[in-house]
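Each remark here refers to the structure printed beneath this line.
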Amino acid sequence: MKKHTIAVIVNDQPGVLQRVAGLFGRRGFNIESITVGASEEQGLSRMVIVTSGDDHTLEQITKQLYKLIDVIKVIDLSSNAMVGRELALIKVYAEPSSRPEILGVVETFRASVVDIGTQSLMVQVVGDSGKIDAMIELLKPYGIRELSRTGVTALNRGNVKQ
């Protein structure tokens, strides 16, 4: 199973996200992450969806998406060089004695501390999914209290515009 990152340009209308997600569910396709936000054109939104499957599965997903009236364009971002990023906020137990070690991990990953409590630190990290997974693994021994990830957002590199 290969990971596919697709961008779906849709009309910015109520219920579009529900229809797209429902299509995936009805067809038995899994959504690993989904992000939605404004696009470069007014009235249109960009959904970035990460899913798994072979090339035939991706073709089926694309065909099914185009059947939805609010879908304008479907772009397979993973077929070309792309930049994908994710944001994570990680709240970790941080006794004063363990803070220097945690700050060493934060610095190594070029992350930042965005909140300090008496018994915790909140760390913000931006990068590809592998970087975030690695940071989470290194912070687990300290005790992760809460974790929130945005999901991947991506664009093709260079002059590729689809």
Side-chain angles (χ1 to χ4, degrees), residues 1-92 106 109-117 120-137 139 144-162:
M1 293 276 245
K2 183 175 153 187
K3 275 193 181 182
H4 297 281
T5 304
I6 57 175
V8 184
I9 306 300
V10 297
N11 287 321
D12 187 10
Q13 299 290 326
V16 174
L17 174 60
Q18 180 182 0
R19 286 190 289 280
V20 169
L23 179 147
F24 274 76
R26 284 190 309 279
R27 300 290 180 191
F29 304 134
N30 186 40
I31 295 174
E32 293 185 21
S33 81
I34 186 169
T35 59
V36 184
S39 75
E40 64 279 5
E41 274 189 60
Q42 190 173 356
L44 298 180
S45 293
R46 178 183 305 267
M47 294 182 178
V48 177
I49 302 170
V50 178
T51 188
S52 295
D54 57 18
D55 290 336
H56 176 71
T57 302
L58 179 63
E59 183 181 334
Q60 291 303 308
I61 290 170
T62 301
K63 286 179 181 177
Q64 294 299 318
L65 284 168
Y66 273 121
K67 288 182 180 179
L68 296 176
I69 195 158
D70 285 309
V71 171
I72 308 302
K73 193 174 204 175
V74 179
I75 305 158
D76 178 11
L77 296 172
S78 49
S79 67
N80 295 306
M82 69 173 206
V83 174
R85 293 292 181 262
E86 185 175 354
L87 168 99
L89 293 175
I90 307 163
K91 190 184 295 182
V92 62
V106 168
F109 281 86
R110 293 191 205 130
S112 57
V113 174
V114 293
D115 185 59
I116 298 175
S120 67
L121 292 174
M122 186 183 305
V123 177
Q124 170 186 291
V125 60
V126 177
D128 62 32
S129 297
K131 175 182 179 179
I132 293 176
D133 291 341
M135 184 161 187
I136 290 168
E137 284 303 310
L139 291 176
I144 293 176
R145 297 178 74 176
E146 292 181 75
L147 170 67
S148 180
R149 293 176 77 158
T150 61
V152 176
T153 191
L155 291 173
N156 282 127
R157 287 186 174 274
N159 295 330
V160 178
K161 183 180 189 287
Q162 297 173 323

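Side-chain atoms are counted along with the backbone in the values below, which use heavy atoms only and exclude waters and symmetry mates.
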Do you know the tightest heavy-atom contact between [X] and [Y]?
{"X": "A7", "Y": "R46", "value": "CB-NH1, 4.0 Å"}
{"X": "Q60", "Y": "F29", "value": "CB-CZ, 4.0 Å"}
{"X": "D76", "Y": "S79", "value": "O-OG, 2.8 Å"}
{"X": "V123", "Y": "A111", "value": "CG1-CB, 3.9 Å"}
{"X": "A154", "Y": "G84", "value": "CB-CA, 3.8 Å"}
{"X": "E32", "Y": "K3", "value": "OE1-CE, 2.8 Å"}

Is any side-chain heavy atom of [X] less than 4.5 Å from a side-chain heavy atom of [Y]?
{"X": "I34", "Y": "F24", "answer": "no"}
{"X": "L58", "Y": "K2", "answer": "no"}
{"X": "I6", "Y": "L65", "answer": "yes"}
{"X": "N11", "Y": "L44", "answer": "yes"}
{"X": "I136", "Y": "I144", "answer": "yes"}
{"X": "H4", "Y": "T57", "answer": "no"}
{"X": "V20", "Y": "I49", "answer": "yes"}
{"X": "V10", "Y": "V71", "answer": "yes"}

I need the [X] [atom1] to [Y] [atom2] distance, nearest 0.5 Å.
{"X": "D12", "Y": "S45", "atom1": "CG", "atom2": "OG", "result": "3.5 Å"}
{"X": "L17", "Y": "D70", "atom1": "CG", "atom2": "CG", "result": "11.5 Å"}
{"X": "H56", "Y": "I61", "atom1": "NE2", "atom2": "CD1", "result": "10.5 Å"}
{"X": "R145", "Y": "I90", "atom1": "CZ", "atom2": "CD1", "result": "14.5 Å"}

**Study point:** N156 side chain to A81 backbone, donor-acceptor under 3.5 Å
**Key:**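 It does hold such a pair.
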**Study point:** Polar side-chain atom of T5 near backbone of V50 as donor-acceptor pair, under 3.5 Å
**Key:**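 Not a single qualifying donor-acceptor pair exists.
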Practice item. I would like to know whether I116 and L121 meet side-chain contact (heavy atoms from CB on, under 4.5 Å); could you show each step before the answer? Key: CA-CA 5 Å; I116 298 175; L121 292 174; 3.6 Å; yes
Point to revise | Positive for side chain to side chain contact (heavy atoms under 4.5 Å, CB included) with L87, one of T153, I132, T35, V126 | key: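 Among the candidates, only V126 passes.
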Point to revise | Within 6.0 angstrom of I69 CD1, more than 12 heavy atoms from elsewhere | key: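 No.
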Check your understanding: Under the salt bridge (Lys or Arg N to Asp or Glu O under 4.0 Å) test, which residues partner R149, sequence neighbours left out?
Key ->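 With sequence neighbours excluded, R149 shows a salt bridge (Lys or Arg N to Asp or Glu O under 4.0 Å) to E86, D133, given in chain and number order.
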Point to revise | With sequence neighbours excluded, residues passing salt bridge (Lys or Arg N to Asp or Glu O under 4.0 Å) with K91 | key: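 Per chain and number, K91 pairs via salt bridge (Lys or Arg N to Asp or Glu O under 4.0 Å) with E146.
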Review point. Between M47 and V16, does a side-chain contact (heavy atoms from CB on, under 4.5 Å) hold up when you go through it step by step?
Key: CA-CA 10 Å; M47 294 182 178; V16 174; 3.9 Å; yes
Exercise for review: Show your reasoning for whether side-chain contact (heavy atoms from CB on, under 4.5 Å) applies to I9 and E41.
Suggested key: CA-CA 10 Å; I9 306 300; E41 274 189 60; over 6 Å; no
Check your understanding: Taking atom types as modelled, is there a side-chain donor on Q64 or R27 under 3.5 Å from an acceptor on the other?
Key ->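 Side-chain D/A pair, Q64 to R27: present.
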Practice item. Mind running side-chain contact (heavy atoms from CB on, under 4.5 Å) on S129 and V152 for me, showing each step along the way? Key: CA-CA 7 Å; S129 297; V152 176; 3.5 Å; yes
